[in-house]
Protein chains: 2
Amino acid sequence: MSENSAVFKIGELAKKVGSTVETLRFYETKGLLQSHSRSAAGYRLYNDSHLTQLSFILQAKKVGFSLKEIKYLLGLNLAKEAHTCEEVKTYTGEKIAEIDAKIRDLQSIRGSLHQMYEACCGGTEKATHCSILHTLAASDLSTELGARQ
Amino acid sequence: MSENSAVFKIGELAKKVGSTVETLRFYETKGLLQSHSRSAAGYRLYNDSHLTQLSFILQAKKVGFSLKEIKYLLGLNLAKEAHTCEEVKTYTGEKIAEIDAKIRDLQSIRGSLHQMYEACCGGTEKATHCSILHTLAASDLSTELGARQ
DNA sequence: ATTGACCCTAAAGTAAGCTATAGGGTTTAT
DNA sequence: ATAAACCCTATAGCTTACTTTAGGGTCAAT
């Protein structure tokens with residue numbers, strides 16, 4: 001029932017994901033997003049699966065994966081014959097551990113910022129005596145923020 | 001009682017935080033970490049407050065703050081007269097919101113990777129039919145990962 | 001049939017965040 | 001007193017991830 005066979009050009013795809021035409025072409029040179037069909041005029045043509053893949057790329061990028069890592073993740077999917085289940089499981093396991101570490105770090109720094117935020121009056125006076133700045137200057141920041149170093 | 005007045009040279013400071021001498025000097029050129037005293041020979045001298053500040057820098061970097069943003073955060077602390085409480089509170093509030101968004105994104109992609117991880121047998125055979133790859137290929141990835149785009 | 005909004009390639013340029021090189025002084029241990 | 005292990009400045013080079021420029025076709029509407 002649903003119209004899932006839509007074909008779109010690069011500008012439309014870029015718009016759909018809030019990216020730019022240039023960036024998508026750049027991703028193509030990096031092997032991240034290949035358009036396998038072209039119009040008569042040589043225009044790149046994309047479909048919903050490209051949209052899916054591009055969304056994955058952008059989401060992964062947003063959380064700190066490099067284009068190289070993303071390519072590898074996508075490559076696991078594309079070159080199935082070249083990878084064992086063991087390899088796939090090991091790699092994703094590592095990535096999960098990295099993500100967990102990153103979440104912990106974010107929560108730690110969030111705690112510090114929140115503490116600063118809550119302690120500040122927020123008024124229009126000069127921040128000379130503002131507790132938010134005292135918090136930032138306090139040495140427990142090094143304990144809290146630098147401990148996992 | 002505790003020995004808190006230690007003074008160290010750049011190599012020691014770098015070692016303490018697991019960074020390099022070159023990086024610390026680079027941060028100095030960027031205005032992130034200034035050593036205000038030098039030895040007779042012109043060697044940079046640091047103390048515990050530098051260590052605190054450097055730990056903050058590295059932690060913030062680790063969670064995705066740019067050096068420019070970190071400089072601003074540190075600047076709030078250093079140039080107190082130039083900022084109002086309101087400004088400080090607004091800025092930290094924004095940063096907290098960014099961190100929250102990032103944590104949500106990380107948890108979303110973590111969920112997908114974990115689902116893949118759990119679904120894979122992990123054996124030594126070729127991954128041609130491995131469910132982990134099917135998961136990656138599945139279109140619900142775009143729903144789950146691209147929805148907040 | 002021409003104008004404006006698209007599309008193409010190839011290549012150069014940019015910004016962030018380091019990293020390395022060159023050339024030279026200093027400190028410390030033997 | 002000399003060699004290894006440090007420190008200094010200045011500058012060039014590198015990687016990542018785009019962005020811009022130049023020069024040119026295509027398509028849809030007027």
Side-chain angles (χ1 to χ4, degrees), chain A residues 6-47 50 53-75 98 102 105 149, chain B residues 6-47 50 53-75 98 102 105 149:
Chain A
V7 167
F8 20 90
K9 286 181 283 178
I10 195 164
E12 302 170 74
L13 181 57
K15 202 168 210 173
K16 273 175 199 286
V17 298
S19 186
T20 74
V21 166
E22 290 74 28
T23 300
L24 303 198
R25 283 199 283 246
F26 170 71
Y27 287 167
E28 185 175 303
T29 71
K30 292 287 162 176
L32 285 170
L33 184 73
Q34 238 86 34
S35 151
H36 293 298
S37 63
R38 295 278 181 124
S39 75
Y43 290 11
R44 288 168 181 82
L45 298 175
Y46 302 92
N47 56 37
H50 290 107
Q53 183 157 336
L54 182 53
S55 299
F56 180 83
I57 292 168
L58 295 177
Q59 189 76 5
K61 209 173 60 68
K62 221 159 121 187
V63 299
F65 284 109
S66 72
L67 298 189
K68 209 171 187 174
E69 289 171 311
I70 295 169
K71 187 179 177 180
Y72 186 81
L73 272 169
L74 293 170
E98 282 173 28
K102 206 157 190 172
D105 287 338
Q149 196 56 256
Chain B
V7 168
F8 22 91
K9 286 180 285 178
I10 196 164
E12 302 169 75
L13 181 57
K15 201 168 211 172
K16 273 175 201 284
V17 297
S19 186
T20 74
V21 166
E22 289 74 25
T23 298
L24 302 199
R25 282 198 284 244
F26 171 72
Y27 286 166
E28 186 175 300
T29 71
K30 293 287 162 178
L32 286 170
L33 184 74
Q34 237 85 35
S35 152
H36 293 296
S37 63
R38 295 278 183 124
S39 75
Y43 289 11
R44 288 167 182 83
L45 298 176
Y46 302 92
N47 56 37
H50 290 106
Q53 181 157 336
L54 183 53
S55 299
F56 180 84
I57 292 168
L58 296 176
Q59 190 76 4
K61 210 174 61 70
K62 222 158 123 186
V63 299
F65 285 109
S66 71
L67 298 190
K68 212 169 184 174
E69 289 171 310
I70 296 169
K71 187 179 177 180
Y72 187 82
L73 272 169
L74 293 171
E98 282 173 27
K102 206 157 193 174
D105 287 339
Q149 199 53 259

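Values reported hereafter were calculated over all heavy atoms of this structure, with side chains retained and with hydrogens, waters and symmetry mates removed. Order of the sequence lines sets the chain letters (A, B, ...), proteins ahead of strands, with each chain counted from 1.
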Interatomic distance where [atom1] belongs to [X] and [atom2] belongs to [N] [whole Å]:
{"X": "A:L32", "N": "D:dC18", "atom1": "CG", "atom2": "C1'", "result": "13 Å"}
{"X": "A:E12", "N": "D:dC27", "atom1": "CD", "atom2": "P", "result": "14 Å"}
{"X": "A:E69", "N": "D:dT15", "atom1": "CD", "atom2": "P", "result": "17 Å"}
{"X": "A:R25", "N": "C:dC7", "atom1": "CZ", "atom2": "P", "result": "8 Å"}
{"X": "A:E28", "N": "D:dC18", "atom1": "CD", "atom2": "C1'", "result": "16 Å"}
{"X": "A:K15", "N": "C:dC6", "atom1": "NZ", "atom2": "C1'", "result": "11 Å"}
{"X": "A:F8", "N": "C:dC7", "atom1": "CZ", "atom2": "P", "result": "13 Å"}
{"X": "A:F26", "N": "D:dT20", "atom1": "CZ", "atom2": "C1'", "result": "14 Å"}

[X] side chain, from C-beta outward: closest of [options]:
{"X": "A:R38", "options": "D:dC8, C:dC8, D:dT20", "result": "C:dC8"}
{"X": "B:Y43", "options": "D:dT16, C:dT27, D:dT9", "result": "C:dT27"}
{"X": "B:L67", "options": "D:dC7, C:dC18, D:dA17", "result": "C:dC18"}
{"X": "A:T23", "options": "C:dT19, C:dT26, D:dC18", "result": "D:dC18"}
{"X": "A:E22", "options": "D:dT20, C:dA16, D:dT16", "result": "D:dT20"}
{"X": "A:I10", "options": "D:dT19, C:dC18, C:dC7", "result": "C:dC7"}
{"X": "A:K61", "options": "D:dT9, D:dC18, C:dC7", "result": "D:dC18"}

Exercise. Evaluate the side chain to side chain contact (heavy atoms under 4.5 Å, CB included) criterion for residues A:K15 and A:F8: first the C-alpha distance (whole Å), next the side-chain angles of each, then the deciding distance (0.1 Å), finally the verdict.
Key: CA-CA 11 Å; A:K15 202 168 210 173; A:F8 20 90; over 6 Å; no
Ignoring backbone atoms, establish whether [X] has a side-chain N or O less than 4.0 Å from OP1 or OP2 of [N].
{"X": "B:S39", "N": "C:dT26", "value": "no"}
{"X": "A:Y27", "N": "D:dC18", "value": "yes"}
{"X": "A:R44", "N": "C:dT9", "value": "yes"}

With a 3.5 Å distance limit and no angle check, can you tell me whether [X] reaches the backbone of [Y] through a side-chain donor-acceptor pair?
{"X": "A:Q53", "Y": "A:L32", "value": "yes"}
{"X": "A:S35", "Y": "A:L45", "value": "yes"}
{"X": "A:Q59", "Y": "A:F56", "value": "no"}

Quiz item: Which part of the nucleic acid, if any, lies within reach of A:K9 when heavy atoms closer than 4.0 Å are counted: base, sugar-phosphate only, or nothing?
Solution: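 A:K9: backbone/sugar contact only, no base atoms under 4.0 Å.
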Quiz prompt | Matching residue for A:I57 among A:I70, A:V17, A:L24 - test: side chain to side chain contact (heavy atoms under 4.5 Å, CB included) | solution =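 Passing option: A:I70.
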Exercise. Could you say whether A:V21 or B:F65 is positioned toward the 5' end of DNA chain C, judged by the nucleotide with the nearest heavy atom to each?
Key: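 Upstream on the strand: A:V21.
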